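This one's a predicted model, so the numbers in the text were calculated from it and none came from an experiment.
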There are 2 protein chains.
Amino acid sequence: MKRDIFQAIADPTRRAIIALIAIQAMTPNAIAENFHTTRQAVSKHLRILTECELVTTEQKGREIYYLLEIEKMKEIDKWLEQYRQIWETRFKQLEDVLAKIKKQKRKK
Amino acid sequence: MKRDIFQAIADPTRRAIIALIAIQAMTPNAIAENFHTTRQAVSKHLRILTECELVTTEQKGREIYYLLEIEKMKEIDKWLEQYRQIWETRFKQLEDVLAKIKKQKRKK
DNA sequence: GACACGTGCAACCGTTTGGTTGCATACTCT
DNA sequence: AGAGTATGCAACCAAACGGTTGCACGTGTC
C-alpha cells in the first residue's frame, strides 16, 4: 500500500486538492465542498496524500486542517531535472544552428 | 481510455522506459530486455506513452524505434511552476527573517 | 515462395483504484 | 449528560490497471 508521489499526483481530483490547500490550509469538509463527490471520497484522497507525506495535518479543536508540504513537491522537480537538462541542451544546439545560418547569410 | 501525462508517469516501469529512450531511441524488444516482464507488457506501456504523446515512433525496416518527445515533459514543468513559485517565496521570506535577526544582533 | 523475425492486438485474469454507504469516534455547545 | 458537528474507517462494488498467453500481420532473408 506504499504509494509514491507520482501515483499521488496521477489523479486529477488529488491535483485539484493540492491546488486548493496550496493557497491555504483547509478542513476535509471545506475541501469536499469544491467537488462533486462525497466527503468520504475526499477523505480517502487526503489519506493517500498524507501517506506519501505530501500533506500534513493540524488539529484545531474538532477540525483538522490539511496543509501542503511544499518541500515534497521538490521531489518531482528533482526528477524532472534530468530531462530539463536534455531540452535545454537541445535548445542550445538549435540556437547554435540558427546562429550559423545567420552568419552564412551575412557572408553573401 | 484517455490518459493524461500524469497518469503516464505514475507507473515506475513507464518512468524507467522514459529514462531509457531519453538517452537514445530504442525498439520495443531492446527496451523489454531491460525489464523482467514480457515484450507485450512493454508494448502496452509504449502504447500508453504514445497515446499521450510522450513518445513518437519511427519505422526503420521491420523495426520500430521509439523516441522521447521531450517537449511534452515541459507540461509537467509548467504544472510545477505554480508550486515552485510558492517554495521560492517561502525561501525568500526565510531569508528576510534571517537577515533581520542578523541585523538585530549587530545592534547589540 | 517459405521461413524467421519484430511488432501490435485481443482475450483473459488477479489486483488495485476511486467511489459509495453505514457506522464509530472525538470534540463542542447548551 | 445529550444533541449536533467533524472526521476517519470498514465493507462493498464497478471500473481500470498491469500482466500473461496466443495469434495475426508486415518485413526482411534464404
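- Remark: T27(B), P28(B), N29(B), R39(B) in residues 21-39 of chain B come within less than 4.0 Å of DNA chain C through at least one heavy atom.
- Within the 4.5 Å cutoff, the side chain of D77(B) has no heavy atoms near those of the Y83(A) side chain.
- Using a 4.0 Å cut-off between charged side-chain N and carboxylate O, D4(A) and R15(B) make a salt bridge.
- A 4.5 Å side-chain heavy-atom check between E51(B) and R47(B) finds at least one atom pair inside the cut-off.
- Residue Y65(A) places none of its side-chain N or O atoms closer than 4.0 Å to OP1 or OP2 of dT7(D).
- Between the P atom of dT17(C) and the CZ atom of R47(A) lies a distance of 12 Å, rounded to the nearest Å.
- If Q40(B) and I48(B) are placed on DNA chain D by their nearest nucleotide, the residue sitting closer to the 5' end is I48(B).
- Between the side chain of K44(B) and the base of dG19(D) there is at least one donor-acceptor pair of N/O atoms closer than 3.5 Å.
- Legend: residues meeting salt bridge (charged side-chain N to carboxylate O under 4.0 Å, His left out) with E88(B), ordered by chain and number and at least two apart, are absent.
- Side-chain atoms of T13(A) and T37(A), non-hydrogen and from C-beta on, never get closer than 4.5 Å to each other.
- Under the salt bridge (charged side-chain N to carboxylate O under 4.0 Å, His left out) criterion, K72(B) pairs with E53(B), E75(B), sequence neighbours left out.
- To the nearest angstrom, P of dT7(C) lies 10 Å from CG of L46(B).
- If you find the closest nucleotide of DNA chain C to R62(A) and to I64(B), the one lying nearer the 5' end belongs to I64(B).
- The side chain of Q7(A) places an N or O atom within less than 4.0 Å of a non-bridging phosphate oxygen (OP1 or OP2) of dT17(C).
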